[in-house]
Structure formats: structure tokens, C-alpha cells
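Accompanying notes for the structure given below.
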Amino acid sequence: MGLLFGVSAALISGLCAAEGTTVLAILEDSERYRDSGASVVIVTAEGQISGSLCEQLADVDGVRAAGAIREADEKLIALTLPDSPIPLYEVSPGFPPLLARHDPTIAGLTLGEDAATALGVGPGDSVDSLQGGAIVAETYAYPVDGRRIGYSFAALEPSSDERAFDECWVDAWPPLDGLDNLLLTAVQPSAAESGEPPQLSRLNARMGDAFDGPSRFAARLTGLSALLAGILGFAVGWLSVRLRRLELASALHSGVRRGALTGILLLEAAFWIVPASLVALTVSTLAASAAPDGLSMPVLVLGLRILYCGAVAAFAGTACGMATVRERHLFRYFKER
């Protein structure tokens, strides 16, 4: 029985671990893709972007944030750093959440990490410049990981005027079909007369144009783990009876009813199937605990599916194995032992 427990625990737990590891790798890649800014799509049409139309894209299902941006006429010249003017961008109200954890109740500048470090300021601090004083509402990290350069040492200033912007940024996650066409709706009709068509790009082009998580999930090799667990579980259950066929045929010959003998075998099987399932459950729980927020339960369910198929199949294999034992083959079993 100890051997049966060890074999079944190793097989089912191994399949649970393989499934969990594979799914976690896909989830980690998706998180990396999103966090790198690759999910942000940009339409560029200088002086032809409607701020209000761009902001309305945030109401589309699947869009996390949307906002417009244009370069200000003057750079921000801080009194404490007069020799290093900071590029200043005017943005629509919905733009800061694309780069920072933005609190809409706090008005002021949003500074890139390098700019904030150079000025020695943080959220809530004041920045005195030639243009006047301003409060720092938020700061944001902008690592060098392939995303468009120029925004780490920069300042974003909210703008509520009706002037056109140069770009509209939209962050949609999971990837949204038809997003490119939606972005083009933020371009003013007069752009067609300028002669230059709007340009679509990604904030981080290094990560590719798309992350097809559903296809990777559907094509994963471990997707067959539940089926394989069922086959292996059935085989172990059947083999556990097959190795005892002489003993079982002898019991039938002695007058033990087949139904009672099958019940005893299933009860004995529970003593190695249940502990093996608990080990597999522990492995699945550990994998689920490593999943991103909100995705622990789906990862756990995938492990439970493997566990369930393996356990049920093991009981089925035990019962089917007993069904193949024949009292009349007692002497043959004796010769083959």
C-alpha cells in the first residue's frame, strides 16, 4: 500500500505541478507584457487629436485608461535646477493613469522618476519654476525596457482647454480586438486634409504587437494532464488488483461474495488514493498561491481537475480490475504467480 501511495502521489502531483508551472509561466509573461507598457497603443496625428474623443475611449469595455498628450510650448525650468530644463507635456485628465497610480482628487504635476529624483521632490511637494509654483500630484516609474524614451525625465501637466493634441494613448487589457480602429476615431476629420495619415504604434514595441494568451493556454501540452491523470490512475488501480488476483480468486473460491470483495478493495484503495490526493492538493494550492491577484482560483481549479480525474480513475481501475478476476482461473493464477 505504501508503494501504491508513493507511485500515485508522484504521478498525480507531478502532473499538477507541471500544469501549475505552465499556466503560471503564461500568466507571468502576460503580466510582464502589460507592465512593460506593450499593452498601450498610440495613435499619432500632430495637432489633430481630439482630447474629448480620446477620453471617451476609456468607456469601452476592456479599456483600462485612455488619454491625449501634446508637448508644451515651453519646458519646465525649476528654480533649483535651472540648467536642466524638464520636458513638459500637456495631457488630458485621463492620461496620468496610463503611467501612474493616479488619484483624480489630487491636482498638479505628474513627474517621471528621474525628474522627481533630480528635483528631490515627491507627491505633495511643491516645485517652484519660472512658470510659477506647482504641486506634485504623483510620480511614476519609467524603466528602460524597450518602451519609448523621453518620459522618465519629464513632467505632465493636466490641460482642460479645447486645443487639439498630438497623440492618443489607450491601454486595453486583455488585448482588445479592433482597438486600432477605435483609436482612429480620436483623430479629427480635418486630419485627412493634412496629407499625413495617422500613425499607430505601441509604447513598448520590443514585446511584440500582441500577446495571445488564450492561444498559448489552449495549445499548452499540459492541457492533456487531466486525461493523462485519468489513464495513469486507472492503470495503477487496475494493477493494484491484478497483482493480487491469486489471493482474490482464492477468496471467491472460499465463498466470499464478489460485491463484498469489491467493496473491501475500494475501501483499501481509499487508504492510498486519499493521501495521494491530499499531496496533489497541496501542490495545486502552492501553485495557486503564486498566481497574480484574482487568478488563484482558476489555477487551483486546473489542479483540482487533474486530482479529481486521477482519483476517480484509480477507484474505477480498482473496480474494473476486480471485475476481471475469475474464480475458475484460480489454478492458472497459481501457475503464473
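Just so you know, residue 1 is the first one in the sequence shown, and it goes up from there.
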The residue among Leu281, Val279, Ile306 that forms side chain to side chain contact (heavy atoms under 4.5 Å, CB included) with Ser13 is Val279

Is a donor from one side chain sitting under 3.5 angstrom from an acceptor on the other, for Asp171 and Ser39?
yes

Aromatic plane relationship, Trp169 with Tyr151 - under 30° parallel, 30 to 60° tilted, over 60° perpendicular
perpendicular

Does this structure show an ion pair linking Arg32 with Asp35, if we count only N-O contacts that are shorter than 4.0 Å?
no

Greater than 12 external heavy atoms within 6.0 Å of Leu79's CG
yes

Taking all non-hydrogen atoms of both residues, which atom of Ala66 and which atom of Cys54 are closest, and how far apart?
CB-O, 3.5 Å

Taking the six-membered ring of Phe211 (Phe, Tyr or Trp), confirm whether the NZ or CZ of Arg34 is under 6.0 Å from its centre and within 45° of its axis.
no

Between Glu138 and Thr110: side-chain donor-acceptor atoms closer than 3.5 Å
no

Determine the minimum heavy-atom distance between Leu88 and Leu109, stating which atoms define it.
CD1-CD2, 4.4 Å

Taking Glu46 first and then Arg70, would you say they form a salt bridge - that is, a charged N and a carboxylate O separated by under 4.0 Å?
no

Above 12 or not: heavy atoms from other molecules or residues under 6.0 Å from CD of Glu74?
no

Test item: side-chain donor near acceptor, Thr222 and Glu19, under 3.5 Å
yes

Using every non-hydrogen atom in the two residues, find where Ala155 and Leu111 come nearest and quote the distance to one decimal.
CB-CD2, 3.5 Å

Quick check on the 6.0 Å ring-centre criterion: do Phe315 and Trp238 meet it?
no

Minimal non-hydrogen separation, Thr139 against Gly122, with atom names
CG2-CA, 4.5 Å

Leu267 atom CG, neighbour heavy-atom count above 12 within 6.0 Å
yes

All heavy atoms of Ala311 vs all of Ser277, minimum pair found to be CB-OG, 3.7 Å

Main-chain N/O of Gln188 paired to Ser50 side chain as donor or acceptor, under 3.5 Å
no

